[in-house]
Amino acid sequence: MSAGRAAAPDVLVLGAGVIGLSIAWRCLGRGRSVAVVDPAPGSGASWTAAGMLAPVTELHYGEQPLLALNLASAARYPSFAAELTAATGRDIGYRRTGTVVAAWDGADLAALRDLAAFAATLDQSMQPLTSRELRGLLPGIAPGLPGGLLAADDHQVDNRLLHAALLAAVVGAGGELVAETVARIEVVDGRATGITTADGTVRSAGVLVLAAGAHSGRIAGLPAAARPRVHPVKGQTLRLRMDPDALPPRILRGSVKGSPVYLVPRAGGELVIGASTEEAGFDCTARAGAVYELLRDAQSLLPAVSEAELVEVSTALRPGSPDNAPLLGPSWVDGLILATGHYRNGILLTPITGDGIADLITDGRVPAALAPFAPHRTAPQEVR
Ligand code: GLY
């Protein structure tokens with residue numbers, strides 16, 4: 001569309017990754033008109049992610065509140081996947097494979113046992129595995145590893161199929177996709193009224209949802225005191241193709257001499273290996289050292305990796321937040337809701353974020369599950 005003024009939907013979502021699209025889809029299902037603005041839908045973290053749904057194996061000390069949200073979203077996945085498939089006819093690769101964490105050496109095994117004890121205090125079970133049990137669950141694993149843990153309920157989805165299905169669901173339900181860059185958010189008398197896109201079109205809306213991932217803190221127009229403190233954390237993943245018989249039957253994670261790595265097997269022979277964690281600003285170039293380390297560590301755990309075809313190196317920016325938990329709910333500006341800062345759990349938190357933000361928009365109340373993640377618990381960029 002050329003410069004001008006576009007029709008005003010009830011809801012304007014900034015960002016067409018899995019988070020923005022799930023919100024759009026759920027708002028459409030609640031009878032709202034919706035437009036989603038993104039110059040390249042699904043080209044960021046939604047594309048590069050490995051699709052692990054890992055509330056337990058992504059559990060970190062001090063992040064207990066996040067565990068409850070992660071578990072609640074994981075519990076929604078079976079019905080969410082079924083509903084999305086029913087709406088679009090598309091499979092999203094939701095597979096209940098479980099996850100094994102292999103210990104590299106005795107010290108690592110002791111650290112894993114401590115982690116299991118911590119998880120137990122939060123009612124989460126991680127089953128200890130002997131070396132023999134590890135090989136029984138993962139026949140291709142490197143010999144000599146001392147044992148590990150089984151997180152039987154940490155599963156996976158194919159994040160690229162998930163994104164494609166959400167896009168189809170939004171379009172199928174009458175949502176408008178606007179393939180434009182957001183130049184600025186328009187704020188009038190302290191209220192977000194709409195946006196201007198790079199082609200000069202002004203788009204008003206009843207409510208705006210900022211779901212632009214790592215870019216959420218740098219869209220022009222918001223006063224500095226209303227900009228969410230979201231920062232980019234670069235992650236690289238690799239896609240390999242291998243003989244399906246050589247694929248591990250479940251997700252394999254480990255920490256090789258202190259260097260974390262995960263291997264996610266897809267139906268059909270794809271193996272996703274991730275991920276680097278780099279503070280590199282908004283730089284998205286692939287770094288050879290990160291690729292080397294991922295392949296080295298993956299091959300140390302699963303020797304068959306060295307025979308696989310390297311198909312793709314992918315880089316994206318995780319949306320980091322001050323406490324590694326998402327910012328969900330009303331912002332510092334009326335008319336603007338935040339759904340960002342999902343950091344390492346965006347794919348996992350897609351169902352609960354979509355439902356919760358759509359509930360907020362339709363009922364005007366923050367759902368209980370989202371309340372601990374109110375943006376107001378953090379300071380905006382100007383106030384530190
Ligand atoms: N959730 C895995 C990662 O962020 O690397």
Side-chain angles (χ1 to χ4, degrees), residues 17-19 22 42-61 63 66-67 69-71 73-74 77 93-95 97-102 115 119 124 151 153-160 162-163 213-214 216 230-240 248 250-256 258-266 270-280 284 286-287 289-291 293-295 297-298 301 312-327 340-353:
V18 291
I19 294 294
S22 68
S43 59
S46 297
W47 182 255
T48 294
M52 289 188 300
L53 308 174
V56 175
T57 50
E58 285 280 349
L59 176 62
H60 292 94
Y61 296 105
E63 294 181 6
L66 182 57
L67 174 67
L69 189 71
N70 285 347
L71 288 168
S73 201
Y77 247 98
Y94 174 64
R95 294 177 68 204
T97 53
T99 297
V100 166
V101 189
L115 185 64
Q124 300 309 307
D153 293 327
D154 274 13
H155 301 308
Q156 63 158 296
V157 68
D158 185 324
N159 43 292
R160 294 180 178 180
L162 169 65
H163 184 269
S216 299
V230 174
H231 64 278
V233 182
K234 181 175 171 180
Q236 283 181 228
T237 55
L238 313 176
R239 258 112 180 135
L240 280 65
R250 38 189 60 80
I251 297 169
L252 168 59
R253 305 185 68 139
S255 189
V256 177
S259 177
V261 67
Y262 49 77
L263 297 82
V264 183
R266 299 268 199 255
E270 185 178 72
L271 183 70
V272 186
I273 298 176
S276 67
T277 302
E278 304 170 55
E279 299 288 343
C284 256
R287 191 173 59 83
V291 174
E293 286 158 19
L294 289 172
L295 286 175
D297 297 339
L301 293 179
E312 184 190 304
V313 177
S314 175
T315 303
L317 304 171
R318 301 178 184 87
S321 77
D323 59 4
N324 297 338
L327 309 181
T340 187
H342 292 75
Y343 189 40
R344 298 181 69 92
N345 297 294
I347 305 298
L348 170 59
L349 291 174
T350 292
I352 203 160
T353 302

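The first residue in the sequence is number 1, and the count goes up from there. Remember, it's 1-based here, ligands and their atoms both numbered in the order they're listed. What's counted below: heavy atoms across the whole structure, side chains too, no hydrogens, waters or symmetry copies.
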| Side chain of His163, backbone of Ser46: donor and acceptor closer than 3.5 Å? |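 Answer holds: no.
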Exercise. Under the 3.5 angstrom rule, does the side chain of Gln156 hit a backbone N or O of Arg250 as a donor-acceptor pair?
Worked result: no
Rounding to 0.5 Å, atoms CZ (Arg266) and CG (Asp158) come to a distance of 4.0 Å
Distance col, row Lys234:NZ vs Thr277:OG1, nearest 0.5 angstrom, shows 11.5 Å
Under the side chain to side chain contact (heavy atoms under 4.5 Å, CB included) test, which residues partner Ala74, sequence neighbours left out?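 With neighbours one apart ignored, the set is Pro55, Leu348.
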Contacts for ligand 1, heavy atom under 4.0 Å, by chain and number, are Met52, Glu58, Tyr262, Ala275, Arg318, Arg344
Review point. Under 30°, 30 to 60°, or over 60°: which ring-plane class applies to Tyr77 and Tyr94, parallel, tilted or perpendicular?
Key: parallel
